[in-house]
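Atom set for the values below is all heavy atoms of this structure, side chains included, hydrogens, waters and symmetry mates excluded. Whatever order the structure lists ligands and atoms in, that order sets their numbers, starting from 1. The structure displayed is predicted, hence computed values, not measured ones.
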Amino acid sequence: MRLSESERDRLFTRYGPWAIVTGASSGIGKCIADVLAAAGFNLVICARNQQALDSLADHYRETYRNDTLVHAADLSLMEGVLSLTAFVRDLDIGLFVHAAGYGTSGLFRNADINLEQNMLQLNCMSTLQLTHHFSRTFADRKRGGIVLLSSIVAFQGVPNAAHYAATKAYVQSLAEGLFRELKPLGVDVLSAAPGPVESGFGQRARVHMRSAMKPEDIAAPILRALGRGSTVFPGRLTKTLVFGLWTVPRWAKVRIMEKVMGDMTRQGK
Ligand SMILES: NC(=O)c1ccc[n+]([C@@H]2O[C@H](COP(=O)([O-])OP(=O)(O)OC[C@H]3O[C@@H](n4cnc5c(N)ncnc54)[C@H](OP(=O)(O)O)[C@@H]3O)[C@@H](O)[C@H]2O)c1
């Protein structure tokens, strides 16, 4: 799915000339970077896989003649986050998209606590540090956009992925609060809360998705929603899942998610 020319102009005028996209080596982050490169943004792309980022940067420079810089870093580490903010210090960044993240699944009591802590560092701590940094920078320049990756699992507890869902509840709540705080300062904040998407996510989280959207189908809808509300549910499947359960009480949604996630992880009880 592509953006119209007027939408590309709107994004570039409000949030250009430079954007930073984390998690750009694959999946949703990569597809968002694709759309931004096509809209004329200069990009800083970040993830751990230097090779994937380098070939993406070559592709953008050749295809769109833009400036793309690569910064490989592990954002679950404080030094990775600090190296990224130092790397972009002299660039006129107006848009921050934080798509680096991953999930875990299975029964919480059986989880590897080191892995859960690492996920917390990446999904929440790096979100805190980077969003704080760019909130201040964008407020000072009186213009900017912040896109955080939440999920449909953020809106209720999810047995069999309890901790992952909790990390996304953190992201969702932060984005909703900051949407109101930063709006008067010219800074737009958006939480993107997709349903299942085909990407590297499923394998890493060890979940099997029966039906899923393609990341390229949700990238443009996410960017289109920036500046138009605090949360987007991108893609038809996401909307079906979210609005289909809209009137269901939260306690009942937890039970539904227990069944769904139990099937997806084949670990059930
Ligand atoms: N796929 C879904 O069903 C789904 C649904 C809702 C929300 N989400 C959320 O969407 C975001 C993007 O996920 P995705 O579906 O695009 O998965 P993905 O294809 O696995 O992409 C994840 C990205 O994060 C990067 N990353 C992982 N660990 C990192 C680390 N320690 N430091 C820096 N970068 C790291 C990965 O690159 P490297 O491996 O090169 O570091 C990759 O670029 C995540 O926050 C996820 O929770 C996904």
Exercise. Show your reasoning for whether salt bridge (charged side-chain N to carboxylate O under 4.0 Å, His left out) applies to R10 and E7.
Key: CA-CA 5 Å; R10 181 189 78 93; E7 196 49 31; 2.8 Å; yes

Quiz item: Checking Y164 side chain against S105 main chain: does a donor-acceptor pair fall under 3.5 Å?
Solution: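 Not at all, since once roles are kept as given, no pair shorter than 3.5 Å links the two residues.
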
Quiz item: Are I222 and V21 connected in a single hydrophobic cluster, I mean Ile/Leu/Val/Met/Phe/Trp/Tyr linked by side-chain heavy atoms less than 4.5 Å apart?
Solution: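 Same cluster: V21 reaches I222 through Ile, Leu, Val, Met, Phe, Trp or Tyr contacts under 4.5 Å.
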
Quiz item: F41 and Y60: aromatic ring centres closer than 6.0 Å?
Solution: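 Not under 6.0 Å, so no.
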
Self-check item: K214/D217 ion pair, N-O < 4.0 Å
Solution: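 A salt bridge is absent here (no side-chain N lies under 4.0 Å from a carboxylate O).
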
Exercise. Mark yes when over 12 heavy atoms from residues, nucleotides or ligands other than R180 sit less than 6.0 Å from its CZ; otherwise mark no.
Key: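 Not buried by this count: 12 neighbours or fewer within 6.0 Å.
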
Quiz item: If you count only heavy atoms, which residues are under 4.0 Å from ligand 1?
Solution: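 Contacting ligand 1 under 4.0 Å are G23, A24, S25, S26, G27, I28, A47, R48, N49, A73, D74, L75, S76, A99, A100, G101, L122, L149, S150, S151, Y164, K168, P194, G195, P196, V197, S199, G200, F201, R204, M209.
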
